[in-house]
Amino acid sequence: MFRLVLLGPPGAGKGTQARMIAGKYSIPHISTGDILRSNIKEETPYGVEAKGYMDKGELVPDELVIALLRTRLDEEDCKTGFLLDGFPRTVAQAERLDNYLKKRGCRIDMAIELDVAEDILLKRMVGRRVCRVCGATYHITHMPTRIEGVCDICGGETYQRADDTVETVHNRFIVYHKETAPLLDYYQTGGILNRFDGSKDPETIFESIVSVLGA
Ligand code: ADP
Ligand code: ADP
Ligand code: ZN
């Protein structure tokens, strides 16, 4: 029974670890990036507004993301725990999340930080491929699909995200340092931050996280 947040720069491996953690502890994996991308695909008013920001590597306005997240957290499967991936990304978002949980008599149990150097991040992001159908994430060299361009899990087509280009990635790093890195202090002060070396291989990182959360 955990309420967790995953923190780290773009490309740190949050989505990759989130899938493993959510699977092991049977909690929903909530990625605001995935929710936004599905709104773009379905051309909802939220998606239409968010697209311009995402394509430039800017953050989507807090109010929009918070509205989408609240709707998701209100669902039944989140009552007993969840794992947030890509939210919060600003201190204001973290405060709104804490207030939301406080009103329901609960709180975030742990913030998991994945720490990775920028040169590694860049290579991870430009080589990232995502399944259009199920959202599974691959890497052209680190974690290739068995058949090029085809998802191992569902057979869907894999693609490169519009914001995973060298130029946009650079802006996302700047935004991360300015807007999101201050969250590390926020959770450190709250006494719930745990840092992991995200440059290791996915299984090793996952084992370290499990050793802290408990088997
Ligand atoms: P994030 O959600 O933090 O942006 P992802 O989980 O999507 O990160 O990972 C970014 C890219 O790096 C993907 O292509 C993924 O396959 C790859 N990747 C994830 N974790 C690792 C790792 N520990 N070592 C090498 N490559 C990784
Ligand atoms: P990554 O895993 O590489 O960090 P995400 O999929 O989490 O990327 O996010 C992609 C984009 O979606 C971000 O660059 C941003 O534009 C938008 N986004 C996702 N989550 C948030 C959030 N909590 N607040 C504002 N914008 C967000
Ligand atoms: Zn798939």
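Keep in mind that the numbers below use all heavy atoms, side chains included, and drop hydrogens, waters and symmetry copies. Counting from 1, the numbers follow the sequence of the chain as shown. Read the numbers this way: they start at 1 and go in the same order the structure lists the ligands and their atoms. All of these numbers come straight from a predicted model, not from anything done at the bench.
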Within 4.0 Å of some non-hydrogen atom of Glu58, the atoms of ligand 2 are 15 (C), 16 (O)
Would you say Glu118 and His177 are linked by a side-chain donor-acceptor pair, where the criterion is simply a distance under 3.5 Å? yes
re atom 3 (O) of ligand 2, the protein heavy-atom contact at minimum distance is Arg172 NH2, 2.6 Å
A student comparing Lys51, Glu179, Arg89, Met125 should find that the heavy atom closest to atom 5 (P) of ligand 2 comes from Arg89
Original post:
Do we see a donor-acceptor contact under 3.5 Å between the side chains of Thr204 and Asp201?
Top reply: yes
Residue, atom and distance of the protein heavy atom nearest atom 14 (O) of ligand 1 read Tyr138 O, 2.7 Å
Are Arg129 and Tyr138 in a cation-pi contact, defined as NZ or CZ under 6.0 Å from the six-membered ring centre and within 45° of the axis? no
Ranked by distance from atom 11 (C) of ligand 1, the top protein heavy atom is Arg124 O, 3.6 Å
With a 3.5 Å cut-off and no angle check, do the side chains of Thr141 and His139 form a donor-acceptor pair?
yes
**Message:** For Met110 and Phe2: C-alpha separation, side-chain torsions, deciding distance, then whether side-chain contact (heavy atoms from CB on, under 4.5 Å) applies.
**Reply:** CA-CA 8 Å; Met110 195 192 291; Phe2 289 118; over 6 Å; no
For Arg37, the atoms of ligand 2 under 4.0 Å from one of its heavy atoms are 6 (O), 10 (C)
Can you see whether Asn194 engages Glu113 through a side-chain donor-acceptor pair at a distance of less than 3.5 angstrom? no
Taking only non-hydrogen atoms of Thr32 and a 4.0 Å limit, the atoms of ligand 2 in range are 19 (C), 20 (N), 21 (C), 23 (N)
One finds that the ligand 1 atoms under 4.0 Å from a non-hydrogen atom of Ile205 are 23 (N)
**Prompt:** Does ligand 1 have an atom that lies less than 4.0 angstrom from a heavy atom of Gly8?
**Reply:** no
In terms of its nearest heavy atom to atom 8 (O) of ligand 2, the top option of Met54, Arg161, Lys14 is Arg161
If we number the atoms of ligand 1 from 1 as shown, the ones under 4.0 Å from a heavy atom of Gly15 are 1 (P), 2 (O), 6 (O)
request  = Determine, for Tyr159 and Arg161, whether the Lys NZ or Arg CZ falls below 6.0 Å from the six-membered ring centre while staying within 45 degrees of the axis.
outcome  = no
closest protein heavy atom to atom 26 (N) of ligand 2 is Val60 N, 3.1 Å
Ionic contact status for Asp34 with Arg72, cut-off 4.0 Å:
no
Quick note on ligand 2: atoms under 4.0 Å from a heavy atom of Pro10 include exactly 3 (O), 4 (O)
Can Glu63 and Arg96 be counted as an ion pair, charged N to O under 4.0 angstrom?
yes
So the atoms of ligand 1 within less than 4.0 Å of a heavy atom of His142 turn out to be 25 (C), 26 (N)
Next on the checklist: Quick check: Gly86 and ligand 2, any N/O pair under 3.5 Å apart?
Outcome noted: yes
Under 4.0 Å between heavy atoms, the region of Arg128 that gets near ligand 2 turns out to be side chain
Atom 17 (C) of ligand 2 has as its nearest protein heavy atom Leu36 CD1, 3.7 Å
**Prompt:** Quick check: does Gly11 get an N/O under 3.5 Å from an N/O on ligand 1?
**Reply:** yes
among protein heavy atoms, the one nearest atom 13 (C) of ligand 1 is Thr137 CG2, 3.5 Å
Quick note on ligand 2: atoms under 4.0 Å from a heavy atom of Gln93 include exactly 22 (C), 23 (N), 24 (N), 25 (C)
TODO: Go through the side-chain N and O atoms of Ser211 and Ser208 and say whether any donor and acceptor fall under 3.5 Å apart.
DONE: no
**Request:** Please determine if Asp55 and Lys51 form a salt bridge, counting it only when a charged side-chain N lies under 4.0 Å from a carboxylate O.
**Result:** yes
Look at ligand 1 and say whether Lys200 reaches it with a heavy atom at a distance under 4.0 Å.
yes
Do Val210 and Tyr25 come close enough that some side-chain heavy atom pair is under 4.5 Å?
yes
Ligand 1 to Met143, heavy atom cutoff 4.0 Å, flagged ligand atoms 16 (O), 17 (C), 18 (N), 19 (C), 20 (N), 21 (C), 26 (N), 27 (C)
May I have the step-by-step check of side-chain contact (heavy atoms from CB on, under 4.5 Å) for Leu68 and Asn39, ending in yes or no?
CA-CA 10 Å; Leu68 288 170; Asn39 274 270; 3.9 Å; yes
Is there a polar contact between ligand 1 and Thr16, counting only N or O atoms under 3.5 Å apart? yes
Using 4.0 Å as the upper bound for N to carboxylate O, is an ion pair formed by Arg128 and Asp163?
no
